[in-house]
Amino acid sequence: MRRLNRKKTLNLMKELDAFPKVPESYVETSTSGGTVSLIAFTAMALLTILEFMVYRDTWMKYEYEVDKDFTSKLRINIDITVAMKCQYVGADVLDLAETMVVSADGLVYEPVIFDLTPQQREWQRMLQLIQSRLQEEHSLQDVIFKSAFKSASTALPPREDNSLLPPDACRIHGHLYVNKVAGNFHITVGKAIPHPRGHAHLAALVSHDSYNFSHRIDHLSFGELIPGIINPLDGTEKIASDHNQMFQYFITVVPTKLHTYKISAETHQFSVTERERVINHAAGSHGVSGIFMKYDISSLMVTVTEEHMPFWQFLVRLCGIIGGIFSTTGILHGIGRFLVEIICCRFKLGLHKPTPVLLPDGHINNHLPLITDNSMH
């Protein structure tokens with residue numbers, strides 16, 4: 001009884017077979033079919049390789065939400081060289097929310113030579129070239145995010161020559177923490193001193209002829225310092241055309257969470273608008289000579305996540321490629337054979353076109369003769 005039930009089950013499974021097998025004696029091969037098959041297999045191999053390359057690649061996904069963190073501090077990383085001696089300049093931050101001077105004790109004033117060595121000048125030229133390409137090709141930012149902590153350092157290389165020239169500039173570098181509100185980081189003449197109504201700089205003892213706010217921004221970033229990330233102002237160099245000149249940078253800071261397969265960090269992106277003008281009170285151009293960076297914090301936060309194609313999706317796409325090529329080439333081959341058969345049949349009919357025969361009664365016989373197997377041979 002069990003054997004009978006098993007046999008019935010197998011017969012039922014055979015009837016449900018959706019892939020019936022055709023005996024080899026009924027299979028007809030042709031040269032055109034072999035050619036189409038070769039083309040199909042080649043296309044399948046190429047598309048499979050391309051699909052595997054897409055599977056190996058990753059892409060960046062951007063998500064936006066409201067930034068609800070207003071209690072934490074914002075870190076500002078600074079590396080700026082000003083073409084004035086360190087005793088003549090001072091850097092500080094004015095917090096617009098509390099209208100008070102934020103201590104800039106985290107900054108180091110280092111006497112240096114403003115002119116760069118050939119190696120440093122080449123580094124700056126390459127960095128400016130990358131900046132110009134980033135402005136044209138925004139998709140390159142994804143490559144920079146992926147290469148964070150893997151690429152070479154973007155810091156200015158140290159001087160190789162042992163120059164005996166006295167330092168004529170001041171390198172202000174380090175970091176400081178401020179509240180996450182709009183503020184103004186500036187470098188101007190004289191050291192900053194507290195003031196009941198804000199702050200002031202001791203600039204009375206510095207001659208106007210020694211003012212020179214030509215500067216080079218080797219690095220400026222907000223948030224956690226991530227090696228390999230290139231920021232919009234890195235490599236910027238400005239040469240002052242007048243002693244009393246103001247350089248302004250209007251910065252919009254966007255909180256950013258970066259999640260890649262290499263790192264997970266909370267940093268900040270920013271966009272910047274530049275402006276510079278000569279201070280001339282007689283001509284109505286008022287202000288203070290110096291370098292002013294006015295920043296504002298965006299209320300939106302961007303989450304950048306590196307994503308990868310799942311393996312199951314890769315298999316589905318691969319099956320779609322193979323099945324699609326099989327189906328498409330089969331249809332095209334069938335249409336081609338159908339057209340060839342129609343053309344060949346018309347050609348054969350043209351060869352057997354009947355010749356008119358004059359009958360005894362004067363009529364013309366235009367009927368086709370009956371074609372039999374004997375007549376064909």
Side-chain angles (χ1 to χ4, degrees), residues 5-63 133 136-143 146 261 305-359 363-377:
N5 291 335
R6 184 178 180 183
K7 189 175 181 180
K8 289 182 178 180
T9 303
L10 293 176
N11 292 333
L12 179 62
M13 295 301 294
K14 288 181 180 180
E15 292 178 359
L16 295 176
D17 188 6
F19 307 97
K21 309 300 184 294
V22 180
E24 294 184 0
S25 58
Y26 294 104
V27 177
E28 180 182 358
T29 59
S30 62
T31 305
S32 61
T35 304
V36 173
S37 300
L38 182 60
I39 295 174
F41 291 142
T42 304
M44 273 187 255
L46 291 176
L47 291 178
T48 300
I49 294 173
L50 294 177
E51 190 64 28
F52 181 72
M53 294 175 64
V54 173
Y55 169 71
R56 291 187 57 191
D57 195 15
T58 59
W59 62 87
M60 309 305 293
K61 180 182 178 181
Y62 292 82
E63 297 177 329
R133 292 301 302 272
E136 298 173 359
E137 301 288 342
H138 299 286
S139 59
L140 292 178
Q141 187 64 45
D142 293 350
V143 180
K146 294 178 186 179
Y261 290 103
T305 308
E306 185 178 7
E307 292 192 344
H308 184 271
M309 181 188 298
F311 183 70
W312 65 265
Q313 187 175 354
F314 168 70
L315 292 180
V316 171
R317 291 167 64 99
L318 197 60
C319 293
I321 290 174
I322 297 174
I325 292 178
F326 260 120
S327 301
T328 304
T329 52
I331 294 173
L332 294 178
H333 182 239
I335 294 174
R337 289 190 61 180
F338 177 72
L339 295 176
V340 169
E341 288 178 358
I342 291 178
I343 295 173
C344 290
C345 287
R346 288 186 177 180
F347 181 73
K348 290 180 180 179
L349 289 176
L351 290 178
H352 297 282
K353 187 175 180 180
T355 304
V357 179
L358 184 62
L359 299 177
H363 293 85
I364 298 176
N365 182 13
N366 289 324
H367 296 286
L368 289 172
L370 179 63
I371 301 176
T372 62
D373 293 337
N374 295 330
S375 62
M376 291 295 292
H377 293 289

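Note that the structure is a prediction, hence the values are computed from the model and not measured.
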Spacing of [atom1] belonging to [X] relative to [atom2] belonging to [Y], to within rounding of 0.5 Å:
| X | Y | atom1 | atom2 | answer |
| --- | --- | --- | --- | --- |
| Arg317 | Leu47 | CZ | CG | 11.0 Å |
| Phe41 | Ile322 | CZ | CD1 | 10.0 Å |
| Tyr261 | Glu306 | OH | CD | 6.0 Å |
| Thr329 | Leu38 | OG1 | CG | 11.5 Å |
| Leu318 | Thr48 | CG | OG1 | 5.0 Å |
| Met44 | Thr42 | CE | OG1 | 9.0 Å |

Could you check if a side-chain atom of [X] sits within less than 4.5 angstrom of a side-chain atom of [Y], using non-hydrogen atoms only?
| X | Y | answer |
| --- | --- | --- |
| Val54 | Met309 | yes |
| Leu339 | Ile335 | yes |
| Glu63 | Lys61 | yes |
| His308 | Gln313 | no |

Go through the steps for Glu307 and Thr58 under the test side chain to side chain contact (heavy atoms under 4.5 Å, CB included), then give the verdict.
-> CA-CA 6 Å; Glu307 292 192 344; Thr58 59; over 6 Å; no
Phe338 atom CZ: more than 12 heavy-atom contacts under 6.0 Å = no
Output yes when a side-chain donor or acceptor of Thr328 lies under 3.5 Å from a complementary backbone atom of Ile325, and no otherwise.
-> no
